Each structure stands twice: as structure tokens, then as C-alpha cells.
Amino acid sequence: MSNRSITLTDELYDYLLGASLREDDLLRQLREETASHPLAVMQISPEQGQFMALLAHLMGARRTLEIGVFTGYSALVVALALPPEGRIIACDVSEEYTAVARRYWRQAGVADKIDLRIGPAVETLDRLIEDGQTESFDLAFIDADKNEYDAYYERALVLVRRGGLIAIDNVLWSGTVIDTTDTDEAVVSIRALNAKLRDDERVHLSMLPLGDGLTLAMKR
Ligand code: SAM
Ligand code: CA
């Protein structure tokens, strides 16, 4: 027995999936199709998707932000958890990756719930703020380019309501956050945001060793 987060061997990970994963058929197909993509590791894991769906249910989320869509797995899993009137504003720069996402959203019958905005996410989020959508979102998932993480966090904090949640992905960045000799721009950016969040009084905080590290920050 251990009172720290357990190390997952391949066998234990398989057990975890077998014991708990309830993946919709289309989500599984999307994961299988994305597996052959050279950037397949960008996709969230299925158990993380299920956790995010649980969060959406728990919060009774109706309006969410998705920052970094890729082939659409995280947006799809959240869309399936939203009520019929639920809406996601999804940001990405790639028409190519999101063409796959759109196809699956249509097949799953959730295309009407997802408003995809192609363009730099900082600009999309700034426009939402200018349009008066401050404090109107329940949940924001940050998973686009890591260099802009702080900019995404600050804007998400404006756009989510009090009691709303910001989930930030890849906060352990394959473990490289502890290698201080690693000065890659992405890891420096993630490390800086992690350090800032540690003492950020504007949020309640939890950093989970789920997937590649997932921070949950709840707006106070
Ligand atoms: N959440 C996705 C999933 O579950 O499959 C994975 C997202 S992937 C890690 C990151 C995405 O961010 C890519 O699709 C990329 O095109 C997008 N991206 C990169 N730079 C961006 C920017 N400046 N604004 C918006 N999206 C960006
Ligand atoms: Ca990610």
C-alpha cells in the first residue's frame, strides 16, 4: 500500500481501463483513427476523457471552452456529457486536424453543440471578452500550444464564472518540468505557470498525476 500516487505499470493501467472505462463507440473509433496520426500523442487518454465528462456532469456544465481541439476527442467527450442545450466554443488553428473532429462530431450528433473557431486562440478568447462573455463559462480546457499557456489561463479566468473550473493539460510535460537544464520554450512556459498557480489566490487548486499531468483550478 502507498499513500502517494501509485506508479502505473502497463498491466495495472490495463486493469484500470478494464475496470472503469466506458468509452462511447465513436470515441473509440476516433481514438483508433487518430492512432495512426504522427501527432497521435497529442490526444488525451480515454480515462482522462471520462474524468472530464464526469467533471462536466458534476458541475452541471452548460457552456464550456476548449482551447486546442486536434482531432476532437476532448471536445467530443465533453459534448456528449453536456445537456441538449449545452454549447462548447472550441479553438484551434488547424483546418486539417479539425476536419476529422467535425466528421466525428457530426456522426455523434453533437455538431450543433460545438462552435469551432479557427484562428489563434488568444484572439478568439479576447473577442469573447470584448463581446461581454465574461464569467459565462462553466468549464475551460487548456490544451493548445504550451508557449501561450499563461495567456490562455488568464483569459480563461476572466471567462469562467465563479465556481467554474479551468483544467490545464500536460502540466508535467513527460516529467521534464523537473529537469532545470531543459530550457525548451514549452517546458519553461509550463513550469512558470505551475509556479504561478501554486500561490494564485484567485483559484482553489489541485494538480493531478493523470495522463501527462492535469491541473484543476476552480475560480473563487
Ligand atoms: N485536446 C485535443 C485532444 O483531446 O485530442 C488535443 C489538442 S493538441 C495537444 C493541441 C492543438 O492546439 C493542436 O490541434 C493545434 O493545432 C492547436 N494549436 C496550436 N497553436 C494554437 C493556437 N495558437 N491557437 C489555437 N490552437 C492552437
Ligand atoms: Ca494534451
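Whatever order the structure lists them in is the order used to number ligands and atoms, beginning at 1. If you're wondering where the values come from, they're calculated on a predicted model, not measured in any experiment. The figures that follow rest on heavy atoms only: side chains count, while hydrogens, waters and symmetry mates do not.
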Do [Y] and [X] meet the salt-bridge criterion of a basic N to acidic O distance under 4.0 Å?
X: Arg87; Y: Asp115; result: no
X: Glu154; Y: Lys196; result: yes
X: Glu23; Y: Arg31; result: yes
X: Arg62; Y: Asp138; result: no

Nearest protein heavy atom with distance in Å, relative to [atom]:
atom: atom 21 (C) of ligand 1; result: Asp145 OD1, 3.3 Å
atom: atom 18 (N) of ligand 1; result: Val93 CG2, 3.8 Å
atom: atom 24 (N) of ligand 1; result: Ala121 N, 2.9 Å
atom: atom 12 (O) of ligand 1; result: Ala144 CA, 3.4 Å
atom: atom 2 (C) of ligand 1; result: Val69 O, 3.3 Å
atom: atom 5 (O) of ligand 1; result: Gln43 CA, 3.4 Å
atom: atom 10 (C) of ligand 1; result: Asp143 O, 3.1 Å

State, without any angle test, whether [X] and [Y] hold a side-chain donor-acceptor pair at a distance under 3.5 Å.
X: Arg63; Y: Gln133; result: yes
X: Gln48; Y: Asp169; result: yes
X: Glu47; Y: Ser45; result: yes

- Under 3.5 Å, side chain of Asp182 to main-chain N/O of Asp184, donor-acceptor pair present?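 Yes, because the side chain of Asp182 sits within donor-acceptor range (under 3.5 Å) of the backbone of Asp184.
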
- Is it possible for you to say whether Phe141 and Leu30 belong to one hydrophobic cluster, with membership spreading through side-chain heavy-atom contacts below 4.5 Å?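 Per the 4.5 Å side-chain linkage, Phe141 and Leu30 are co-clustered.
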
- Can you tell me if CD on Glu85 sees more than 12 non-hydrogen neighbours from other groups inside 6.0 Å?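 Counting other residues, nucleotides and ligands, CD of Glu85 exceeds 12 neighbours.
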
- Looking only at distance, does Gly68 have an N or O less than 3.5 Å from an N or O of ligand 1?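 Right, the criterion is met.
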
- Item | Which atom of Asp169 approaches the Ca ion (ligand 2) most closely (N/O/S) |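 Atom name of the closest N, O or S in Asp169: OD2.
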
- Query: If you stand at the Ca ion (ligand 2) and look out to OD1 of Asn170 and OD1 of Asp143, what angle do those two lines make, to 10°?
  - Reply: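 Nearest ten degrees: 80°.
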
- Who's closest to atom 15 (C) of ligand 1 heavy-atom-wise, of Val77, Thr71, Asp92?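 Of the listed residues, Asp92 has the closest heavy atom.
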
- Hey, looking at atom 1 (N) of ligand 1, which of Ser74, Gly49, Gly72 has the closest heavy atom?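 Checking each option, the heavy atom nearest atom 1 (N) of ligand 1 is found in Ser74.
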
- Message: Once you restrict to heavy atoms under 4.0 Å, what part of Phe70 touches ligand 1? Side chain, backbone, both or neither.
- Response: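 Both of them.
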
- Tell me which part of Glu66 gets within contact of ligand 1: side chain, backbone, both or neither, using heavy atoms under 4.0 Å.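 The side chain, only.
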
- With heavy atoms of Tyr152 as the reference, note each atom of ligand 1 found under 4.0 Å away.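 Those of ligand 1 that fall under 4.0 Å from Tyr152 are 22 (C), 23 (N), 24 (N).
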
- Subset of ligand 1 atoms that lie under 4.0 Å from at least one heavy atom of Pro120: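 Result: 24 (N).
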
